Amino acid sequence: MGCRIVSFTGGEPLMYNGIGRLVRKCVNLRYFTGLVTNGLLFGRFLDEGWPGMLDMLVISFIDDEAAFSTSRGHVNAYRIVKKNIEDMVERGLSPVIQSALTDDTLVHAEKTAAFSQSLGIGIYFSFIVETPRKGYDTVNWDDQKISGIENAISHISTIKDTYKGVHFNPDIERLQVRGGFNKHVPCQAARTVVSLKPDGSVSLPCYVKTVHSISPGTALGPGWKSADAVSVREACGHLGCCRGCMNTCMYAPSLIGKPVLIFRWICNSKP
Ligand code: SF4
């Protein structure tokens, strides 16, 4: 199929006990292999060899106890995740922190950057303007989305200039406030990403919306080339479910064929 990258994301990929076996398999098949986790369960895998095999290990974290534990709905989340990050670094792993900021948590960005710098690891900042999880999340995102986007961009840009290892891409944030994917940056999720669900099915157009599903019993190649799959791929970005979508995870995969935007993305993503 030509895939070169596997990213285990969720939900929460560490809920699956066989995750280590899958990571090893992907690394052995020479995929660039990444994992995105909330970090709560990482302690139980710390001494297994596979975390050190990952090409990219991303952990969601904000360095403020009340804000982080509240956002996770777990009273000890801050203490557990912070310790897991510190333990990872002590064992020679290089996790990258992902801080998705809201109006309420923007104020904690600098402290979080200082924490990542103190450990010598990288940090990605992004803003929550809208989320495809809105339909089934219990969090009221409308109350928390970033207002005053240019001020927020300027604040994080200053932090990026001050601390080491900070990654931030204002293009994605501006795309969000302008209403998400559009004719200049159309979503290409269904053309560039195979979205494999926990039950083994493949969702089209993407992992957040299923218009067509390739069932677990179907070989991926023929399923991917079926008439239904092709028609969803061709309509990707223009489907009813795509209207107003701001799934920022699909931003980079949607830049294929857009060299200027890829160049900007690479430049902006550099710490
Ligand atoms: S625009 Fe959103 S809903 Fe549509 S395919 Fe892309 S990520 Fe999925």
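Every number for a ligand or one of its atoms is a count from 1 in the order of the listing. Owing to the predicted nature of the structure, the values given are computational and were not obtained by experimental measurement. Residue numbers run from 1 in the order of the sequence given.
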key: Proximity of Phe168 and Tyr124 rings by center, below 6.0 Å   = no
message = Distance to the ring centre below 6.0 angstrom and angle to the axis at most 45 degrees; does that hold for Arg233 and Trp224?
response = yes
message = With a 4.5 Å cut-off on side-chain heavy atoms, are Arg72 and Tyr78 touching?
response = no
remark   = Arg174 meets the side-chain hydrogen bond (donor to acceptor under 3.5 Å, both in side chains) criterion, sequence neighbours left out, with Glu150
ask   = Do Phe115 and Tyr163 have ring centroids that are under 6.0 Å from one another?
value = no
query = So how many protein N, O or S atoms does atom 4 (Fe) of ligand 1 have within less than 2.8 Å?
reply = 1
task = Would you check if Ile128 and Gln176 make a side-chain contact, meaning some heavy-atom pair closer than 4.5 Å?
result = no
